[in-house]
Protein chains: 2
Amino acid sequence: MSTIRDVAKLAGVSVATISRYLNKSGYVNVETELKIKKAIETLNYSPNAVARGLAGKKTNTIALILPDISNPFFPELARAVEDVASMYGYAVILCNSDNQGMKEQSYIEILKKKHIDGIIFASNTLSHTEVAHLDKNGIPLVCLDRAPGKQSCSVVRSQNKNGAKLAIKHLLGMGCRKIAHIYGPHELITAKERLIGYEESVTGFDWYSPTLTMEGDFSIAGGMHAAQVLMDRHPDIDAIFAGNDLMAVGALKALIRRGIRVPEQVAVCGFDGINMTEITEPEITTVAQPIYEMGALVSRILIKKIEGIMEADQTYELDVSLIPRKSTQRRES
Amino acid sequence: MSTIRDVAKLAGVSVATISRYLNKSGYVNVETELKIKKAIETLNYSPNAVARGLAGKKTNTIALILPDISNPFFPELARAVEDVASMYGYAVILCNSDNQGMKEQSYIEILKKKHIDGIIFASNTLSHTEVAHLDKNGIPLVCLDRAPGKQSCSVVRSQNKNGAKLAIKHLLGMGCRKIAHIYGPHELITAKERLIGYEESVTGFDWYSPTLTMEGDFSIAGGMHAAQVLMDRHPDIDAIFAGNDLMAVGALKALIRRGIRVPEQVAVCGFDGINMTEITEPEITTVAQPIYEMGALVSRILIKKIEGIMEADQTYELDVSLIPRKSTQRRES
DNA sequence: CTGAAAGCGCTTACAG
DNA sequence: CTGAAAGCGCTTACAG
């Protein structure tokens, strides 16, 4: 492996000039440039990014901390993050936190040692002290789905409450008159907002009762169980709005197993827009978040922040959209 | 941020001693050790991994190059890779190649510059010249699903041919008497091996005809289309063995849409063991590869290679196992 | 058991 | 437009 020194020698200039040429910082004479180019080529020189990182305090690496890449919501997000990162010349380190504070802490420690340029945080348990800590260390941070709070970091999220309202409106439009809701864990702000959207849409109807809601844990099994309980409780439910797609899949499964026809007897609607909703039969209507766009945006924001092209921290709330599919299609309309 | 120099000063020893203490290389007096510990604590010192990387030629970072993290096969694999990597103190950089040679090349160039310690390659188009190139550069490499060839790298794969035979045996056991096969792209060795396993199992039966096979492209849409063609061609098919789970899902979808009952009229069996096979209704029988184990193993092998605890390169062929589910359950048995 | 010194391969003021 | 030199924060022989 040749070094910048070798190139300098061969080209007959100083290493400083090579460095300037490489980084396009400062002027380089056209002729020298040619000599440098040739030298680089003949030596097959490629700059050492580690040395560069040490000297220049920039590693061109960012980290993506998420709960679990196996959760179907995250692969698409990760893909988007990596796509734009790589477009801008950044590598991305993947970290699975399992939403455990300990793991997050430990990743953050390691990432700090590695002097990565920034962090994208899609986990749920980032504490304010951690944010402050990163901030103190000058590590740019962008969060996904965090409360807007007054944390010193930009946040990308989507319209959870409105999304839930969209879902209910759609179900009502399909003729549903007793709509249950399976909500996610209370710790998750997204789950809570969706629940609120549901409640605000349905209180007022005489059929509404709080017993039409039931907690799931954002998993398929949780959705199945909740659907069973709900159907036992209110056999005349004609729609289930699940707080995320995994639970919607679970609910659908539970209904089919009971021999309940979807959507004729009970309509099912999810939230998130993961691909899984297209593989069931019937396919599941869902309130889709623009997952890829969210990942691309968060990545872009982080890089801007890193490169200092950043305005103040901001919260970006993206639109969601209802994707009508078979699982709620009860009339021609 | 304090440096090793600060620690040395405060502890009243040389930086070399601090370094020895940090790396547990060479002896350090117990009393000095105590002083060092205290100094580190009061300064809240944390070694700079970049400097360490430059001086020590080890970055404690590996890369995982795969086609697309959005493909449901890979998240679980990536999770496993990251789990064991982090257990051993390595960070993992995620790279999506889309199976494009260009992208792979470009990732490899970047990774070389970054002086990562090793690469896990789960993409399909790694050329021999590339392998040789990495080898020349002394970058350890472990591959997934590559032909055993005489490449200078270890390979982790699973029993594709036998897996296919398992599937056919299972279907025959379930009373199926006209089993079709949807195979994956010919470039993929895994797809070819599964096809061969099918062919070896069925030639000999009087019902067999080459027209019972059809290409899909390892996607859901490919599976749907192939299933439609096959059913048109041979309306009396009573089982479809798909070369991967995505195509099995597609086949199931196509059958359900035609009003064909699964498994009563046509049984469906997939290959891979991705979670998706459990979310359909009926759930899909599949020949499961031990995906998590494969990821964990490949990661462990790479790390051993990096740390020089490695025997010669080797090919590890893992067992697959048939997971019988509703989609093939045609008799009590 | 410990220290002085060179070196890893770059970048970045500072002069010129 | 270019070079000499210091510095980034470590590790690693080499002496002692």
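Every chain is numbered from 1, with letters handed out A, B, ... down the list of sequences.
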Please report, rounded to the nearest Å, how far the [atom2] atom of [N] is from the [atom1] atom of [X].
{"X": "A:Ile36", "N": "D:dC1", "atom1": "CD1", "atom2": "C1'", "value": "11 Å"}
{"X": "A:Lys24", "N": "D:dC1", "atom1": "NZ", "atom2": "C1'", "value": "16 Å"}
{"X": "B:Asn29", "N": "C:dT2", "atom1": "CG", "atom2": "P", "value": "5 Å"}
{"X": "B:Asn60", "N": "D:dT11", "atom1": "CG", "atom2": "P", "value": "11 Å"}
{"X": "A:Lys114", "N": "D:dC10", "atom1": "NZ", "atom2": "P", "value": "14 Å"}
{"X": "A:Leu22", "N": "C:dT12", "atom1": "CG", "atom2": "P", "value": "12 Å"}

Is [X] close enough to [N] that one of its side-chain N or O atoms is under 4.0 Å from OP1 or OP2 there?
{"X": "B:Thr3", "N": "D:dG9", "answer": "no"}
{"X": "B:Tyr45", "N": "D:dC10", "answer": "yes"}
{"X": "A:Thr17", "N": "D:dT2", "answer": "no"}

Of all the heavy-atom pairs spanning A:Arg20 and A:Ser25, show the shortest one and how long it is.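 The answer is CG-O, 2.7 Å.
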Could you state the interatomic distance from OG1 (A:Thr190) to CG (A:Asp145), rounded to the nearest 0.5 Å?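 Here the rounded value is 5.5 Å.
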Main chain of [Y], side chain of [X]: is a donor-acceptor contact present, judged purely on distance under 3.5 Å?
{"X": "A:Asp68", "Y": "A:Ser70", "value": "yes"}
{"X": "B:Thr59", "Y": "B:His115", "value": "yes"}
{"X": "A:Asn71", "Y": "A:Phe73", "value": "yes"}

Protein-nucleotides 4-6 of chain D N/O pairs closer than 3.5 Å?
none

Nearest-nucleotide pick for B:Thr32, side chain only, options being D:dC10, C:dC1, C:dG9: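 Shortest atom-to-atom distance from the side chain points to C:dC1.
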Is B:Glu109 paired with B:Lys112 through a side-chain N to carboxylate O contact shorter than 4.0 Å?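 B:Glu109 and B:Lys112: salt-bridged.
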Regarding A:Thr61 and B:Lys114, do their side chains bring together a donor and an acceptor under 3.5 Å, going by distance alone?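 Side chains of A:Thr61 and B:Lys114: pair found under 3.5 Å.
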According to the Watson-Crick and G-U wobble definitions, with both distances under 3.5 Å, which nucleotide is paired to C:dC1?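 Its partner is D:dG16 (Watson-Crick or G-U wobble, both distances under 3.5 Å).
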Got B:Ser299 and B:Tyr88 here, is their nearest side-chain heavy-atom distance under 4.5 Å?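 SC-SC contact between B:Ser299 and B:Tyr88 ruled out.
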Neighbours of DNA chain C within residues 47-59 of chain A, by heavy-atom distance under 4.0 Å: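 The stretch gives A:Pro47, A:Asn48, A:Ala51, A:Arg52, A:Ala55, A:Gly56 as the residues lying under 4.0 Å from the strand, ordered by number.
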B:Tyr27 OH: over 12 foreign heavy atoms closer than 6.0 Å: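 Not buried by this count: 12 neighbours or fewer within 6.0 Å.
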